[in-house]
Number of protein chains: 2
Amino acid sequence: MPHHAAVHQDLTSTAAAPCLPRKQQAWALTCLELADYVPLGGDELSRLMAIAQPMEIGGNRALFLSGEAADGAFLVITGAVRAFRLLPDGRRMITAFMFGGDFLGFAVGGRYEFAAEAITPARLCRFSRRHLNALLDDCPRLRNTLLHLATEELRLAQDHMVLLGCKSATEKLASFLLHLARRNARGGTQANPALVPLPMARSDIADHLGLTTETASRALTQLRAKGMIDLPTPRSVALLRPHELAMLAGGG
Amino acid sequence: MPHHAAVHQDLTSTAAAPCLPRKQQAWALTCLELADYVPLGGDELSRLMAIAQPMEIGGNRALFLSGEAADGAFLVITGAVRAFRLLPDGRRMITAFMFGGDFLGFAVGGRYEFAAEAITPARLCRFSRRHLNALLDDCPRLRNTLLHLATEELRLAQDHMVLLGCKSATEKLASFLLHLARRNARGGTQANPALVPLPMARSDIADHLGLTTETASRALTQLRAKGMIDLPTPRSVALLRPHELAMLAGGG
DNA sequence: CGATGGCTTGACATTCATCAATGTATGTGG
DNA sequence: CCACATACATTGATGAATGTCAAGCCATCG
């Protein structure tokens with residue numbers, strides 16, 4: 001129970017500049033990713049694209065707040081996003097990091113159950129609740145897609161509960177790095193498959209793993225000392241011995 | 001990271017005696033609960049009832065194992081069930097407890113992602129994967145219901161991540177007891193709203209909260225010492241000051 | 001070049017896990 | 001019906017992991 005009250009800067013402005021047409025290259029690419037992820041017919045895909053609103057958002061800006069009316073869902077194109085919950089005293093749990101191809105903010109209830117902030121500047125597509133519901137109502141396959149996504153998210157959540165409840169600090173870091181690496185490999189451009197970018201701060205990692213910044217940092221240092229990883233820069237990791245890391249992570 | 005390798009008895013036999021017709025009173029009642037939980041038209045409800053297979057299972061018996069082919073989903077009628085994951089070395093995370101009205105085991109993939117065991121003897125309804133999928137295919141509203149259920153489960157999972165990552169031992173216990181109490185109140189018979197049965201063992205509670213048995217027990221003792229709860233028997237709790245408990249639990 | 005924010009490292013305090021013993025309830029067989 | 005056996009729960013003593021406080025380092029950016 002790290003008790004360190006995440007220091008929140010002025011993230012008040014939920015600003016997000018919609019960038020007009022040109023939903024071309026990257027956008028099509030992202031839909032391909034989504035199509036790759038779950039079976040989506042060409043028809044559903046094009047209808048989805050029709051209601052998508054491309055947008056950009058700066059680093060450390062809020063995408064939406066917890067409890068806010070959920071009037072849209074988002075598909076991340078590029079950049080990184082953190083989804084989190086806060087306790088009244090400021091303790092924070094980052095429930096997930098999102099990257100290109102990840103979908104977030106779909107709420108069946110009227111309100112977001114968590115908050116989301118861009119970590120780096122990010123490009124996204126917004127789907128307004130109205131449009132999405134309308135589309136869902138006459139595209140049963142799309143509803144099926146959402147069910148798949150929700151189920152997959154649930155599986156990830158369970159993985160994370162195991163991590164939070166059962167693992168030691170170094171095990172947590174090992175698991176997290178492997179998870180990031182796998183997610184990164186799926187993202188497409190795997191220049192060096194073992195070199196993984198860490199767009200988020202140590203405090204983000206800590207709040208994701210149920211640790212303090214210091215403990216997260218020490219665990220990384222320890223993994224480096226054991227020769228399992230390298231930290232060429234603070235914001236990137238090289239996984240030198242993925243297999244040993246996986247052992248350490250406890251098969252997770 | 002409690003490192004205590006849950007001692008597993010012989011839970012090998014996944015035995016489950018199907019009890020024939022008489023899916024009357026309790027069964028209808030449970031469907032009402034489900035109908036109360038999510039909007040379900042009378043048609044969908046009766047078609048669901050048509051494919052339901054009532055069954056019973058003894059205490060501490062496995063309902064299904066992790067990785068097993070997922071050939072059915074279950075609705076708990078009476079009794080308590082634990083859903084959990086194991087690490088190779090035996091560490092266990094109980095991701096959720098299920099009670100009357102809870103639905104579990106629906107997998108879009110072919111395999112269960114977690115294991116489930118009855119805690120107490122339990123009565124359930126089984127829905128075979130084949131039948132359920134067939135029903136889903138021509139009942140779009142039912143698919144919507146499942147999406148609602150998955151979303152709700154996801155919300156609970158996020159709550160639990162906050163608990164596991166952010167809270168102290170006593171805060172965890174306070175949160176857990178309040179959660180149980182609320183769940184119990186919804187169950188129907190609220191004789192004494194403040195007296196909550198604890199069907200699970202201390203080790204189950206510990207493995208759910210990311211603690212050891214001893215710490216869980218001590219935290220309960222501490223709450224009792226503060227006058228917030230009473231333990232008339234080891235398997236039941238009286239919430240004497242729910243409001244103070246909620247304060248302690250951190251608004252969760 | 002200096003300032004700022006983030007990362008790392010160190011010393012110390014605290015919580016919680018571990019090891020071990022005792023207490024308590026439940027069921028079984030004499 | 002009682003004595004015992006067994007599993008579960010509680011309590012105590014101790015140690016290790018990790019949180020807390022504090023200082024220093026490093027990189028980036030103006």
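Numbers restart at 1 for each chain; the letters A, B, ... are given by sequence-line order, proteins then strands. Hydrogens, waters and symmetry mates play no part in the numbers below; they use all other heavy atoms, side chains included.
Rounding to whole angstrom units, CG of residue Leu164(B) and P of dC16(C) are separated by 13 Å. Computed from coordinates, the Lys167(B) NZ to dG19(D) P distance equals 17 Å when rounded to whole Å. In this structure, Leu173(A) places its CG atom 14 Å from C1' of dA17(D), rounding to the nearest Å. Protein atom CD of Gln222(B) is 15 Å distant from nucleotide atom C1' of dG12(D), rounded to whole Å. Taking atom CG of Asp230(B) as the reference point, atom P of dA9(D) lies 17 Å away to the nearest angstrom. For the pair Asp207(B) CG and dA17(C) C1', the computed distance is 13 Å after rounding to whole Å. dT15(C) atom P lies 18 Å from atom CG of Leu209(B), rounded to whole Å.
With sequence neighbours excluded, the residues that form a side chain to side chain donor-acceptor pair (under 3.5 Å) with Gln158(B) are Arg85(A). Considering only residues two or more places apart in sequence or on other chains, Ala107(B) meets the side chain to side chain contact (heavy atoms under 4.5 Å, CB included) condition with Ala70(B). With sequence neighbours left out, the salt bridge (charged side-chain N to carboxylate O under 4.0 Å, His left out) criterion links Arg126(B) to Asp71(B).
Between Asp102(A) and Arg183(A) there is a salt bridge, since a side-chain N of the basic residue sits under 4.0 Å from a carboxylate O of the acidic one.
Residue pairs meeting the ring pair (Phe, Tyr, Trp, His ring centres under 6.0 Å) criterion with at least one partner in residues 202-230 of chain A, sequence neighbours excluded, are Phe97(A)-His208(A), His160(A)-His208(A), Phe176(A)-His208(A). A ring pair (Phe, Tyr, Trp, His ring centres under 6.0 Å) check over residues 223-245 of chain B, counting only residues at least two apart or in different chains, returns nothing. Among residue pairs with one or both ends in residues 230-242 of chain B, those qualifying as side-chain hydrogen bond (donor to acceptor under 3.5 Å, both in side chains) are Thr233(B)-Ser236(B); sequence neighbours excluded. Applying the side-chain hydrogen bond (donor to acceptor under 3.5 Å, both in side chains) test to every pair with at least one member in residues 216-226 of chain A, sequence neighbours left out, gives no pairs at all.
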Given Watson-Crick and G-U pairs under 3.5 Å, DNA chain C in dot-bracket ([ ] crossing, | other strand) is ||||||||||||||||||||||||||||||
I'd like a table of atom pairs between the protein and nucleotides 7-11 of chain C - only N or O on both sides, under 3.5 Å - with the distance next to each one.
residue	atom	partner	partner atom	Å
dC7(C)	OP1	Arg235(A)	NE	2.9
dC7(C)	OP1	Arg235(A)	NH2	3.1
dC7(C)	OP2	Arg202(A)	N	3.2
dT8(C)	OP1	Arg202(A)	NH2	3.3
dT8(C)	OP2	Arg202(A)	NE	2.7
dT8(C)	OP2	Ser217(A)	OG	2.8
dT8(C)	O5'	Ser217(A)	OG	3.2
dT9(C)	OP2	Thr221(A)	OG1	2.7
dG10(C)	N7	Arg218(A)	NH1	2.9
dG10(C)	O6	Arg218(A)	NH2	3.2

